[in-house]
Protein chains: 2
Amino acid sequence: MAVPSYRSFPSPLLGMGLNGGQNVPIKESSGDYEHPMDVESFRVAAKSMIDWICDYYDNVESLPVRSELSVGDIRSVLPSEAPTGPESWNKISSDFQEKIMPGVMHWQSPNFYAYFPSAFSFPSLLGDLMSSALSVNGFLWVSSPAATELETVVVDWLGKMMGLPQAFLAIDSEGKRGKGGGVVQTTASECTLVALLAARARIMEGRPLSDTSRLVCYFSDQAHSSVRKACMVAVTPHVRVLPTCHSTGFSMEPALLEAAIKEDLAAGLLPFYMVGTIGTTSSCAVDPIGEMGAIAQKYKLWLHVDGAHAGVAAILPEQRHHFAGVELADSFNTNPHKWLLTTFDCSCIWFRDADPLKAALSLTPAYLRGKGNAYDYQNWEIPVGRRFRSLKLWFVLRAYGQEKLQGFLRHHIRLAETVAALARKDERFEVSAPPRFGLVCFRLKGRSNEDTSALIEAFNKTGKAFLITTDLAGQTVARIACGGFMTQERHVRATWQLIGDTATALFSAPEE
Amino acid sequence: MAVPSYRSFPSPLLGMGLNGGQNVPIKESSGDYEHPMDVESFRVAAKSMIDWICDYYDNVESLPVRSELSVGDIRSVLPSEAPTGPESWNKISSDFQEKIMPGVMHWQSPNFYAYFPSAFSFPSLLGDLMSSALSVNGFLWVSSPAATELETVVVDWLGKMMGLPQAFLAIDSEGKRGKGGGVVQTTASECTLVALLAARARIMEGRPLSDTSRLVCYFSDQAHSSVRKACMVAVTPHVRVLPTCHSTGFSMEPALLEAAIKEDLAAGLLPFYMVGTIGTTSSCAVDPIGEMGAIAQKYKLWLHVDGAHAGVAAILPEQRHHFAGVELADSFNTNPHKWLLTTFDCSCIWFRDADPLKAALSLTPAYLRGKGNAYDYQNWEIPVGRRFRSLKLWFVLRAYGQEKLQGFLRHHIRLAETVAALARKDERFEVSAPPRFGLVCFRLKGRSNEDTSALIEAFNKTGKAFLITTDLAGQTVARIACGGFMTQERHVRATWQLIGDTATALFSAPEE
């Protein structure tokens with residue numbers, strides 16, 4: 001395969017590589033170890049890369065969003081072994097530009113509407129850069145105190161912005177440490193798993209190990225795949241996937257949940273964990289957290305609330321009603337790395353009582369022992385090692401401030417409503433679920449699933465924008481997930497126009 | 001608490017903040033959403049941060065390695081809530097310098113010898129920067145093809161450099177895809193867990209779920225805490241921790257292992273998973289992988305080899321003997337983010353057959369479906385979302401080349417031997433385990449554990465260097481882990497000199 005040239009990238013960058021065409025000298029080694037790239041060579045290369053990044057963001061809008069490469073294309077143009085000796089930065093950066101970039105999906109394009117957004121912002125990028133530069137490992141308080149302390153502070157900041165109950169905060173209004181608190185994990189998948197492990201530790205306390213074979217989890221058929229994956233990892237033998245339907249907006253039905261729990265109790269099983277979702281992946285449906293919480297309390301189950309994408313919307317007073325009842329939850333997760341301008345990975349989870357979590361995950365040998373009164377976040381997660389992730393979240397929360405963050409989410413909620421209004425005006429389409437949290441689901445009205453799939457594939461092939469389809473109650477629907485760093489009203493209007501034009505081209509003419 | 005002034009930081013940086021004292025303008029918002037930091041403001045701030053990082057590395061050697069703050073000191077100087085409106089980058093970066101940096105442990109100081117090193121290099125930093133800048137999420141091949149393809153290529157590169165058997169590579173010498181292959185995870189903790197899950201999936205195939213209560217894991221008392229944590233997460237009911245001793249160099253004894261397996265089989269249990277370590281955390285002991293592998297094959301257990309720190313030493317022909325028998329392993333892990341110049345997180349694991357892994361972790365709903373023949377690495381790990389981590393590893397392997405990488409490891413192995421020779425020359429000390437993979441363990445000869453602890457605490461208080469102690473068969477020993485990006489012979493000589501001087505000051509005079 002010939003690697004395609006980088007079609008629409010602005011000419012000043014072409015062929016330059018990342019270091020502006022200068023050769024970074026490589027030093028010969030002596031008795032002391034000498035690195036092939038020293039501080040001054042790095043300074044040149046890094047500033048050139050910063051310019052490249054700026055040019056990228058100035059031009060990303062005009063790039064084809066989706067890579068059109070085939071499986072194996074990139075592998076086929078790379079050597080099968082690492083080089084024997086050092087290669088020049090000029091050569092490496094040219095190869096990056098010529099061989100890697102053609103295979104990059106432009107997630108930060110304002111015309112990327114697939115999956116959920118992967119957050120970006122310049123303050124966050126600076127935080128990530130500084131975290132990589134310091135390269136500390138904050139698995140214990142003592143192993144880099146600032147990493148732990150800043151994490152406690154900013155996760156509390158975010159919790160307060162979202163109106164989480166006092167019990168979920170690490171430090172109360174009088175500066176006292178409570179039983180709860182939050183922590184930054186890598187992903188919502190990991191949060192769902194550690195919440196399940198905490199729930200298991202809580203219910204298993206004082207029980208024989210054999211009782212694990214009686215444990216039961218509950219979630220809806222709209223819950224994220226990672227919920228089921230967590231059950232697989234933790235060998236939860238019984239999993240109840242509760243059906244949802246179009247008429248209830250794909251939201252969990254509390255009556256079904258309670259009936260399932262009662263049935264399992266009657267069968268001698270041990271219901272212990274339920275997951276409610278605020279903003280499901282397919283359609284941004286919202287489970288009734290208050291009613292689930294009441295059931296959780298009644299039957300003593302752990303309620304985990306998964307707000308991976310939409311949880312951050314709790315910073316908007318007008319969206320708070322979706323979160324009613326969250327005070328009954330045992331744990332709550334949201335990912336600033338999806339919609340809140342903080343680059344991957346940054347997934348926050350709060351616990352009303354973190355003791356069961358630490359019981360599930362703490363195991364501290366002599367060489368990892370920390371100071372008595374400190375948080376040691378390695379005991380709050382699967383991995384021991386951890387990046388200084390709170391730095392980028394701190395930069396974002398301060399550089400934007402609460403009002404600009406609220407404005408960012410409102411902007412995308414408005415864009416989704418704009419798209420939904422356009423879709424409703426075109427009688428060839430139907431909106432498949434109420435637009436919510438920046439997401440619109442739509443399909444071709446009165447046509448087959450294959451037609452909607454064909455439309456989206458033809459649309460994606462234009463390279464002008466990118467979206468995906470999903471399945472809602474047997475119907476193939478397309479999703480436009482607004483939330484990109486650079487997406488403005490003109491982008492969603494142009495996107496909708498192109499969807500209409502593609503439908504016209506594919507299906508001859510509007511059906512009238 | 002008054003935040004201590006940043007004692008020995010070079011004067012040109014003091015009070016400048018990260019953006020060189022320039023105020024980055026904040027724009028008012030209009031109909032379109034406007035970010036508080038635009039491309040041009042970012043360019044200024046980022047280049048200034050690059051200069052700051054260069055100055056940091058020019059001067060990190062002279063900084064006190066360990067932060068002397070107390071628990072709560074940083075929290076007490078930060079506000080309890082996020083600001084309402086945007087704050088200037090100048091203010092944020094000044095606060096970073098004044099309030100956060102005093103709480104940072106300088107892991108990249110050439111005088112940092114604690115834990116194991118957290119790798120750093122300038123090419124890796126550039127890779128991390130570019131990964132954050134592109135902010136793609138490569139959970140599927142199709143979600144950003146370059147991320148997946150480059151990962152397959154560079155993990156194979158590293159596997160080949162290490163002489164891993166062909167079966168562990170994704171692509172064989174004729175370009176064909178095999179059943180095995182490697183992947184980048186966040187940490188060795190995660191690798192140990194997913195290997196256990198794969199082992200469980202393999203043995204449980206066709207068995208009733210109730211058999212999980214009979215599963216048994218095996219590892220030595222020197223295995224990393226994360227091995228036991230993985231067993232807790234996956235509810236492995238039976239765990240055999242095999243004792244080691246000084247006379248066998250803290251290495252697992254195959255006879256004990258086989259006897260334990262036989263005993264468990266006789267008791268009707270199901271032995272299924274064993275972990276052998278190459279380079280244990282306390283003393284860099286090496287388990288006999290070949291003998292363990294033979295036992296694993298005989299009794300059909302899964303052998304996972306944990307080389308989190310020392311696994312990369314397989315790139316050195318003269319160290320390969322430690323790895324004899326690795327062809328009998330089912331999975332093998334090492335962390336380039338520890339000793340191989342690649343910033344956290346970058347932990348590689350290879351499987352001889354990845355099918356059980358995918359059976360354990362794959363669960364793909366419609367909205368996450370990828371292309372048929374592609375690797376979809378979300379099915380190889382706990383999290384769905386994933387960073388473009390292979391970029392930094394690619395930059396490192398190319399910028400250094402195999403010979404410079406070998407030179408880097410040999411340099412540290414030599415430094416540890418230098419320290420051990422110095423320790424042996426001073427009759428107040430004894431070397432507690434053979435120096436290996438850059439690690440030396442030593443203690444005060446004929447003195448109490450408390451004396452060695454007191455010595456190291458007094459030494460660390462000087463701020464000139466930082467090490468930790470561990471426990472070896474009831475003895476408190478100090479560890480000097482060489483592996484830092486900037487550590488040269490003069491650093492380890494000065495460190496040893498200061499250890500001796502501190503002992504003299506503490507204990508009056510050498511015992512004669």
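These numbers come from a predicted model, not from an experiment. By convention in this document, chain letters (A, B, ...) are assigned in the order of the sequence lines, proteins followed by strands, and residues within each chain are numbered from 1.
For B:T187, the part lying under 4.5 angstrom from a heavy atom of chain A is the side chain only. Looking at A:S121, neither its backbone nor its side chain comes within 4.5 Å of chain B, counting heavy atoms on both sides. When heavy atoms are compared at a cutoff of 4.5 Å, A:M161 approaches chain B solely by way of its side chain, counted from C-beta outward. Interface residue B:L209: only side-chain heavy atoms are found under 4.5 Å from chain A. Contacts between A:D156 and chain B at a heavy-atom distance below 4.5 Å are absent for every atom of the residue. With a threshold of 4.5 angstrom between heavy atoms, B:D95 approaches chain A through its backbone and through its side chain. Both the backbone and the side chain of B:I382 have a heavy atom closer than 4.5 Å to some heavy atom of chain A. Heavy atoms of A:A201 lying under 4.5 Å from chain B are absent altogether. Heavy-atom distances place no part of B:L158 under 4.5 Å from chain A, backbone and side chain included. A:S132 touches chain B through backbone and side chain together, each having a heavy atom under 4.5 Å away. Contact annotation for B:R200: only side-chain heavy atoms (C-beta onward) come within less than 4.5 Å of a heavy atom of chain A.
Chain A forms more heavy-atom pairs under 4.5 Å with one residue of B:T84, B:L405, B:L197, B:V194 than with any other, namely B:T84.
For A:E190, the salt bridge (Lys or Arg N to Asp or Glu O under 4.0 Å) criterion is met by no residue, not counting sequence neighbours. Every residue two or more places apart in sequence or in another chain that forms a salt bridge (Lys or Arg N to Asp or Glu O under 4.0 Å) with B:E40 is listed here: B:R43.
The NE2 atom of B:H337 sits 15.5 Å away from atom CZ of B:F120, with the distance rounded to the nearest 0.5 Å. A:S93 OG to A:E87 CD: the interatomic distance, rounded to the nearest 0.5 Å, is 11.0 Å.
Under a cutoff of 6.0 Å and an axis angle of 45°, A:K338 and A:F344 do not form a cation-pi pair.
For B:W107 and B:Y115, the gap between ring centers is short of 6.0 Å. Between B:Y57 and A:F42, a ring centre-to-centre spacing not shorter than 6.0 Å is recorded.
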